[in-house]
Amino acid sequence: MVNYLFHILSCCFCCVVLLQFFQSSDTSLFHEEAKYDNDIKRNITWGDLNFLHTTDTHGWYAGHINQKQYDADWGDFISFIAHIRRISTERKVDLLVIDSGDKHDGNGLSDATVPNGAKSLPVFIKADYDLLTIGNHELYELENTKQEIDIVVNHFKDNYVSTNVEFQLPNGTYIPIGQKFKYFSTPFKNIRILAFGFLFAFSRNAQGTKVTPTLKVIREQWFLNILKRYPSEDVDIIIIVAHMPITHDWDELQELHHFLRLHYPSSKIQYFGGHSHIRDFTVLDDALTGLQSGRFCETVGWLSIDLQNNSLFDIEKNLKDIYSRTYIDFSVKSFLHHANISSLQDFQTPSGIAVRREIENVRKKLDLDQIIGYVKYNYYMDNVPLDHPRNIYNLLSNFILPTLRSNETVEETKSNRIIIINTGSVRYDLYKGPYTVNSHFIISPFQNDWVKVTVPKKYALKISSKLNEGGYILNSHNDDQRDNSNLLPPHLRHPRHANFNAAQYSLDLKSFQRVLDSKTFKVFDLINSISTKHNKHTRGYVTVDDFGNDGDDTKHRALRYFPISNVVESVQVDAHSDDESDVDVIFYNFITQNVLWAVRELGYDKDLQNEVEFYSNYYLGLLINDYIKLNEA
Ligand SMILES: *[C@@H]1O[C@H](CO)[C@@H](O)[C@H](O)[C@H]1NC(C)=O
Ligand SMILES: *[C@@H]1O[C@H](CO)[C@@H](O)[C@H](O)[C@H]1NC(C)=O
Ligand SMILES: *[C@@H]1O[C@H](CO)[C@@H](O)[C@H](O)[C@H]1NC(C)=O
Ligand SMILES: *[C@@H]1O[C@H](CO)[C@@H](O)[C@H](O)[C@H]1NC(C)=O
Ligand SMILES: *[C@@H]1O[C@H](CO)[C@@H](O)[C@H](O)[C@H]1NC(C)=O
Ligand SMILES: [Zn+2]
Ligand SMILES: [Zn+2]
């Protein structure tokens, strides 16, 4: 128990600074009746150079249908951009709209077509981006990369920047995806910008694409030549559109930072990151900050820079007078507020309305609203503890995984098996309301095969704990230590470790301690309701970043973020059977190497590499569909 406490508390320190968000059942805001209400929104601050930033949209262009606090769709976002552009023109300051990549895998709108993205990318490109780059999800399948070039690069042309990712032509030549850099000046303030696009050192890209690690590229001659061509005195700001986290402990970012500072000792440098699906803002030095704008169309990031008030390395100046960041909720209310418009009619632009129609048509065509069943409660990935009745992994291991059947064997194996899933095989919380074809794509669309390996019970029972060792902490990459943190959902793989001020949260931590002491979830729920009784805000993100905790435009009621393990299991094993008796261990083929690693680590010396057999192709998402169809979940 002591260990357990330590595990939860220590993680709590790093996780509490992550996004803490929530679905609200307590807003009754529906699209049509959205009005300017009394909700207090923090205002955005305008500077000389201003940015709207999105990242990791993963196809969520229809908005969050079961979560009213993110009710805006891509059409609303397009209207929002138009108003913000108008305001920037009125103020005679500059605005750049930026995206950091990952546009499919996450939602029916993108994933219900073959290839995925066929219908969603034409929606995405209707937003007029000034700079954008590629994410790893555009590179798993060659078809997706081709599509990225055909639809996105061809549309945005020069605005698409990728410095370290290339595509192979039929004759073998590699060409950049978009261009390798962009040098341009802004229309109002004539700010000279040198922009690059970097993807983290991703290695699971499709044959026919090439990712050169950032740290290698920046030492190549052609790259150095660009820096020579645009020396410090010709560059006011370097913009790095990155598909990588902007946390302090991301090595590529730190090295890139030091490298660029050698060449540009005093220029402003600005990162726009992504990939780890969190809201974050970091200060690397007095003229270099990074902004990361969440995931799944929950957030539009806002950043402004006051270039006149240049404080460079002047400790008397407060960075907050120069930089201002806001995480705007992807909601109609937020958009109306920042656009300073009070009615939907005045807000929605013709192109925004046209895109909404396009989304509706695609949804109809793909039958995304077809109802499979109904869900009675919200089930969370990590806002309640793993074994809480409202935890989705708890629902899976106790109720849904046991329904898995083998395709191969007729005989009943249910009494002697363990089913293991990695927690990353669930992508999003399951919200109450109709469970549709779209929900299926949102929760768990991965069409992996189940495989089976038979091992003695004494090993089988310990595989999960082995895989969970080290939990959320990144293991090193040496040979005998597998990085099992890749089994986690993205937003938990790279938590934010930086300067967390625990004192700010002392009250929460105290109530948290009481929860742990009481060991009952009933009390946990009670404390939650008490601690939020005086807080009338809707539940949502309360982000802590290098500028503090006032970055979210909407004041939300935060909930705890609980640690979740790399894998969870459903154990259907006879407690009285012999330790040496055979147990079938069943898992997605995707995690085969992790499981075999664990069995070896546990001391079982039989080579199992060739003993892994097909078990079923009835993947997790189908089991979930069937369960919800037949049961009240
Ligand atoms: C936001 O700006 C408006 C208009 O200037 C002002 O009335 C309002 O008080 C501001 N809100 C906050 C929270 O500062
Ligand atoms: C390959 O094709 C491209 C485009 O058609 C051309 O520019 C390039 O020179 C070719 N490379 C080789 C090695 O033939
Ligand atoms: C520059 O920043 C200081 C605070 O550091 C502030 O008082 C001043 O008004 C700013 N000047 C301009 C021109 O924005
Ligand atoms: C918002 O719009 C009103 C007019 O509708 C205008 O009077 C006011 O100055 C605007 N506020 C801001 C902060 O631009
Ligand atoms: C496995 O079983 C499912 C239904 O239980 C069926 O849809 C699928 O076609 C079967 N696959 C194979 C390879 O037998
Ligand atoms: Zn992503
Ligand atoms: Zn990514």
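Only a predicted model underlies this, so the values are computations on that prediction, with no experimental measurement involved. Index from 1, following the sequence. Ligands are counted one by one from 1 in listed order, and the atoms in each one are counted from 1 as well.
Residue Ser100 is tested with His243, His53, Gln292, His275 for a side chain to side chain donor-acceptor pair (under 3.5 Å); the sole match is His53.
In plain terms, the two heavy atoms of Ile240 and Ile269 that are nearest each other are CG1-CG2, 4.5 Å. In terms of heavy atoms, Leu307 sits closest to Asp48 at N-OD2, 2.5 Å.
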Go through it in stages, so that I can follow the logic: the residues are Asp546 and His248, the test is side chain to side chain contact (heavy atoms under 4.5 Å, CB included), and I'd like the CA-CA distance, side-chain angles, deciding distance and then a yes or no. CA-CA 10 Å; Asp546 284 4; His248 289 272; 2.6 Å; yes
Go through the steps to decide whether Asn378 and Asp429 satisfy the test side-chain hydrogen bond (donor to acceptor under 3.5 Å, both in side chains), and finish with yes or no. CA-CA 7 Å; Asn378 293 338; Asp429 298 325; over 6 Å; no
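For the Zn ion (ligand 6), protein N, O or S atoms closer than 2.8 Å were enumerated as Asp56 OD1, His58 NE2, Asp102 OD2, His277 NE2, with waters left out.
Side-chain contact between Thr554 and Lys41 is present, with heavy atoms from C-beta onward closer than 4.5 Å.
The OH atom of Tyr588 sits 4.5 Å away from atom CG of Leu620, with the distance rounded to the nearest 0.5 Å.
Asn116 and Ser110 are not linked by any side-chain donor-acceptor pair at a separation below 3.5 angstrom, with hydrogens and angles left out of the test.
Using a distance-only test at 3.5 Å, with no hydrogens or angles considered, a donor-acceptor pair links the side chain of Ser79 to the main chain of Gly75. Judged purely by atom type and a 3.5 angstrom limit, His83 has no side-chain atom pairing as donor or acceptor with the backbone of Phe335.
Within 4.0 Å of ligand 4, protein heavy atoms come from Asn340.
For ligand 1, the atoms lying closer than 4.0 Å to a non-hydrogen atom of Lys41 are 13 (C).
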